[in-house]
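Not measured: the values here are computed from a predicted model. Throughout, protein chains are lettered first and strands after them, A, B, ... in sequence-line order, and every chain is numbered starting at 1.
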Number of protein chains: 2
Amino acid sequence: MSEASCPARLLSPIFKVLAEPNRLAILCALGTECRPVTDIIHATKLPQTNVSFHLRILREAGLVRAERRGSFVYYCLPDPELLAILQSFQAWARAHTPMLTLVEGDGNDNISPTKRRTRSCG
Amino acid sequence: MSEASCPARLLSPIFKVLAEPNRLAILCALGTECRPVTDIIHATKLPQTNVSFHLRILREAGLVRAERRGSFVYYCLPDPELLAILQSFQAWARAHTPMLTLVEGDGNDNISPTKRRTRSCG
DNA sequence: CGTCAATATGCGCAAAAATACATGTGTAAA
DNA sequence: TTTACACATGTATTTTTGCGCATATTGACG
């Protein structure tokens, strides 16, 4: 059980691509359809060069696919299941991380582990 | 469909935490059990300060929980479902990204979209 | 109380990554 | 072929982030 069954090296580059808010916004803007870059620019309100920059990273990671149609380049997800996975992940996040835009938490997320002795996990 | 249903702002910080290979390795080293930091250090072969550094980030993200037992601090996942989600993600990655440690791909992952006219998505 | 082991933190640095700006490329139409 | 539009790329700059080192804190023990 050294690292063969550990998804670290496999998932890390994908998570690194998905960690960028603008890239996630681009994926969401795409949804399940193919859309030209101009649409993405309008949907995300990002400058064109920035959108192209992120699209390249998404493309090289295999998270989007590009096809030219005339003078437009359409981008789409290679698999709609990716959106489903993202949403299930989102559901988990909603349930387990109170560190959102919520005004305040119970203060349990920023304690120093040196301070507690709860002992409920063992 | 502006950004309320878009998981960008919600998932981005979590992905950012998960994007670090050593942090994923720590999560994998934890598995479903609670283990003291020393165990994690041995399992990951990382220097102690580095492990503590990453553990803090994981803790503040709500991805691990810390409990002191005597002079040891045990870390564990707040929810075993996280591992399941990671594995489903891994399954998806295996199927959709040939950009792994594979010696070579079909060359379809680094093409410039300016070069192609496949037209199979419309 | 002094010491040791376990763990956390502050700081400086180096590497990486994101953004903006300028520019290049390709395609369609005049 | 010239112009205009859609998109990509290269470069410089700034910000972020991971790491190592030294050090501080905490608890067990004598």
Review item, nucleotides 18-21 of chain C N/O atoms under 3.5 Å of protein N/O:
residue	atom	partner	partner atom	Å
dA18(C)	OP1	R23(A)	NH2	2.7
dT19(C)	OP1	N22(A)	ND2	2.7
dT19(C)	OP2	N50(A)	OD1	3.2
dT19(C)	OP2	H54(A)	NE2	2.5
dC21(C)	N4	T49(A)	OG1	3.4

Rounded to whole angstroms, how far apart are [atom1] on [X] and [atom2] on [N]?
X      : N       : atom1 : atom2 : answer
R35(A) : dC7(D)  : CZ    : C1'   : 17 Å
F72(B) : dC4(C)  : CZ    : C1'   : 12 Å
L55(B) : dA6(C)  : CG    : C1'   : 13 Å
E67(B) : dT7(C)  : CD    : C1'   : 16 Å
D39(A) : dA6(D)  : CG    : P     : 11 Å
L18(B) : dG18(D) : CG    : C1'   : 16 Å
I41(B) : dA5(C)  : CD1   : P     : 14 Å
R56(B) : dG20(D) : CZ    : P     : 17 Å

For the residue pair S12(A) and E20(B), what are the closest heavy atoms and their distance?
-> OG-C, 4.2 Å
dA6(D) base / Q48(A) side chain donor-acceptor hit below 3.5 Å | no
Reference residue V17(B); test side chain to side chain contact (heavy atoms under 4.5 Å, CB included); the match among L24(B), L63(B), L27(B) = L63(B)
Is the shortest heavy-atom distance from the side chain of L55(A) to the side chain of I26(A) under 4.5 Å?
-> yes
Please check the phosphate of dA8(C) (OP1 and OP2 only) for any side-chain N or O of Y75(B) closer than 4.0 Å.
-> yes
Report yes if a side-chain nitrogen or oxygen of R68(A) is closer than 4.0 Å to either non-bridging phosphate oxygen (OP1 or OP2) of dG26(C); otherwise report no.
-> no
Does anything in residues 12-44 of chain A pair up under ring pair (Phe, Tyr, Trp, His ring centres under 6.0 Å), and if so which pairs, sequence neighbours excluded?
-> F15(A)-F15(B), F15(A)-F89(B)
Side-chain donor/acceptor of [X] to backbone N/O of [Y], under 3.5 Å:
X      : Y      : value
R68(A) : G70(A) : yes
R69(A) : Y74(A) : no
R23(A) : L58(A) : no

Closest nucleotide among dA8(D), dA8(C), dT7(C) to the T38(B) side chain | dT7(C)
Kindly point out which of dG27(D), dT7(C), dT9(C) is positioned nearest to the side chain of S71(B)?
-> dG27(D)
